[in-house]
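The next block holds one structure in the form of C-alpha cells; read it before the comments.
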Number of protein chains: 2
Amino acid sequence: MATTTAAERKEQARRDYDAFLDLCPTRQLLSTLTDKWVALVIAVLSDGPRRHSEIAHRIAGVSQKMLTQTLRTLERDGFLTRTVTASVPVRVDYELTPLGDELVPVMTAIKSWAETHMDRVATARTDFDARAAR
Amino acid sequence: MATTTAAERKEQARRDYDAFLDLCPTRQLLSTLTDKWVALVIAVLSDGPRRHSEIAHRIAGVSQKMLTQTLRTLERDGFLTRTVTASVPVRVDYELTPLGDELVPVMTAIKSWAETHMDRVATARTDFDARAAR
DNA sequence: CAGTATCCCAACGGATACTG
DNA sequence: CAGTATCCGTTGGGATACTG
C-alpha cells in the first residue's frame, strides 16, 4: 500500500474542495466549524491548556453534555488533545494541537466581530421590526 | 428623548460585550453568525448582488425554506437588502449592505479554512477512530 | 472532577403543496 | 420566480441521576 499512498494523497490534495457543493466533505467540516460552542471552546483554549472545569466555568451557560460532546468532536477532528491524569479526583486537560492553533484566528475573529458590531446589528433589527410593524 | 439618545448610545457602546457571558446579546449574534447557511450566503453575495434563484443554484442542497429563512434573518440584522422588482414573474435581488461587506472576510475565512484543511482533519478523524477501535 | 446514560422537549430542517 | 404554509422526522440540547 505504501506505493499508492503518496499518489493517493496527491490525488486527494489536488481535488477541488468546494463547500458550495452538497456532497463535498468540506460541507460537513463547515457544519462543525460553524458552531457556537466550537467557537467558544477554541477561544478559551487559545490562551493555553485548560481543565474541563475551567472551560465549563469560562463559557457561561454551557451544559455538561454539550461541552463534553463538543470537546470530543474537536478531539476527533484533531483540533485538541485530551490528557487524563489518574489522580483522585481525576484531572483532565485539554490543549490545542498545531492544527487547532491554526483555527484560533478564524474562531476568535467571529467572536470579536460579534462583540464589536453588536450595536449596529441591534439597531438594524429594531429598524426592521419597526418597518415591518407599519 | 433626543437628549438621552446620545448618552444611551455611549452607555451601550461602553458596555463590555462578551460572548462568554450567557445573557450577553452577543451570544445570540454569535449563534446567528455560526451558521452553515449564513456563511455560504454571505460568500455568494460577496461577488455582488444575486437573485434568489441564483443563490439557490450556487448553494447546492439548500432547501427553499432554509434559504428564505436565512435571507430574512440576514436582512433583519442589516447584513443585506432585499429588492423586489414587480414584474411577471417577480424578481428579487439581494445585496450586501456596508455592514454585510464587513462580514465577508470573516465568513469566507471559515469556508476557505475548511476547504484548505479538509485533508488534515480527515486524517485526524481516521486516526482517532482507529485508536478508538483498539 | 470528569464523564456517561436517560429522558424529553423544542428547534432545525427537508418535502410537498399552494399563492401572487 | 419568489414566497408561504403545513406536515413530520431528525437533531440539538437541557435536566437529572449515576459511576470511577
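In what follows, chains carry the letters A, B, and so on, assigned in the order in which the sequence lines appear, proteins first and then strands, with residues in each chain numbered from 1.
- Between the A:Asp18 side chain and the A:Phe20 main chain, a donor and an acceptor come within less than 3.5 Å of each other.
- If you check residues 66-97 of chain B against DNA chain C, the residues with a heavy atom closer than 4.0 Å are B:Met66, listed by number.
- Exactly one residue among B:Thr97, B:Leu45, B:Val41, B:Asp35 makes a side-chain contact (heavy atoms from CB on, under 4.5 Å) with B:Leu74. That residue is B:Val41.
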Dot-bracket for DNA chain D, 5' to 3', Watson-Crick and G-U pairs with both distances under 3.5 Å, [ ] for crossing pairs, | for partner on another strand, reads ||||||||||||||||||||
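- Of the possible polar contacts, none joining the B:Thr26 side chain to the A:Ala114 backbone as a donor-acceptor pair under 3.5 Å is found.
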Checking A:Arg91 against A:Asp93 for the salt bridge (charged side-chain N to carboxylate O under 4.0 Å, His left out) test, could you report, in this order, the C-alpha distance in whole Å, the side-chain angles of both residues, the deciding distance, and whether it holds?
CA-CA 7 Å; A:Arg91 174 198 175 101; A:Asp93 288 87; 2.8 Å; yes
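- One can find a donor-acceptor pair under 3.5 Å joining the base of D:dG3 and the side-chain atoms of B:Gln64.
- The closest donor-acceptor contact from the side chain of B:Arg27 to the backbone of A:Lys36 lies at 3.5 Å or more, if one exists at all.
- Each of B:Val44 and A:Leu21 belongs to its own hydrophobic cluster when Ile, Leu, Val, Met, Phe, Trp and Tyr are linked at side-chain heavy-atom distances under 4.5 angstrom.
- With salt bridges taken as basic N to acidic carboxylate O contacts below 4.0 Å, one links B:Arg76 and A:Asp129.
- Less than 4.0 Å separates DNA chain C from no heavy atom of any residue of residues 50-62 of chain B.
- Using a cut-off of 4.0 Å between Lys/Arg side-chain N and Asp/Glu carboxylate O, B:Glu54 and B:Arg58 are scored as not salt-bridged.
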Under 3.5 Å between N/O atoms: give me all the protein pairs with nucleotides 6-8 of chain C, atom names plus distance.
none

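- Connection of A:Tyr17 to A:Leu23 is not established within any shared hydrophobic cluster, with ILVMFWY side chains joined at heavy-atom distances below 4.5 Å, either directly or through further cluster members.
- The shortest side-chain heavy-atom distance between A:Trp37 and A:Leu67 does not fall under the 4.5 Å cut-off.
- Take A:Arg120 and apply the side chain to side chain contact (heavy atoms under 4.5 Å, CB included) test, not counting sequence neighbours, and it matches A:His117, B:Leu99, B:Glu102.
- Residues satisfying the side chain to side chain contact (heavy atoms under 4.5 Å, CB included) criterion with B:Ser63, sequence neighbours excluded, are B:Lys65, B:Met66.
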